[in-house]
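What follows is a short report on a single structure.
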Amino acid sequence: MSVQAYGSAESDKRYEVIVKHYLKSVLHMAYFDELNKAHSWLMARWEEVFKKAGAKDAYDRADFQTSYGGAIYDQQEGRKRMMLLGAEYVLKEDGKKREE
């Protein structure tokens, strides 16, 4: 069974999942052993954030896609990105692009 893990337990989990806003930084973060659980969690958080953003038209949706980023990283493969939602630049750390 896969569960969210925080703190020291993160090193025990294979997949790291992050949802970020370009100004607010990390909004959600969790760790999972199973990719399908990580994917389900990411999609649920993405939908939650989208609803809170209140996008009403194409302009709002475009703004959302450029203001938020979500991703799944495989920690056993050097944090290789397995999935990306939204804007890639939002997920960069210290202005550096993550290696693929």
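All residue numbers refer to positions in the sequence shown, counting from 1.
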Nearest atoms (heavy-atom pairs only) where D33 meets D12: OD1-O, 3.5 Å
Side chains of Y15 and D74 in contact at under 4.5 Å (non-hydrogen atoms): yes
Residue pair H39 / I72, side-chain heavy-atom distance below 4.5 Å: yes
Axial cation check for Y73 ring with R79, 6.0 Å and 45° limits: yes
N/O donor-acceptor pair under 3.5 Å between T66 side chain and A62 backbone: yes
N/O donor-acceptor pair under 3.5 Å between D60 side chain and K56 backbone: yes
Distance-minimising heavy-atom pair for V17 and A38: CG2-CB, 3.6 Å
Any side-chain heavy-atom pair of V26 and H28 under 4.5 Å: no
Geometric class of the F64/F50 ring pair [parallel <30°, tilted 30-60°, perpendicular >60°]: perpendicular
Side-chain donor or acceptor of Q75 paired with backbone N/O of E16 under 3.5 Å: no
Side chain proximity check, L85 to Y68, heavy atoms < 4.5 angstrom: no
Gap separating the NZ atom of K51 from the CD atom of E47, nearest 0.5 angstrom: 4.5 Å
Smallest separation among heavy atoms of L91 and K20, with atom names: CD2-CD, 4.0 Å
Distance (rounded to the nearest 0.5 Å) between L27 CG and K52 NZ: 8.5 Å
Nearest non-hydrogen partners of I18 and L42, listed with the distance: O-CD1, 4.1 Å
E88 vs L84 side-chain heavy atoms within contact, under 4.5 Å: yes
Heavy-atom side-chain proximity of R14 to E77 below 4.5 angstrom: yes
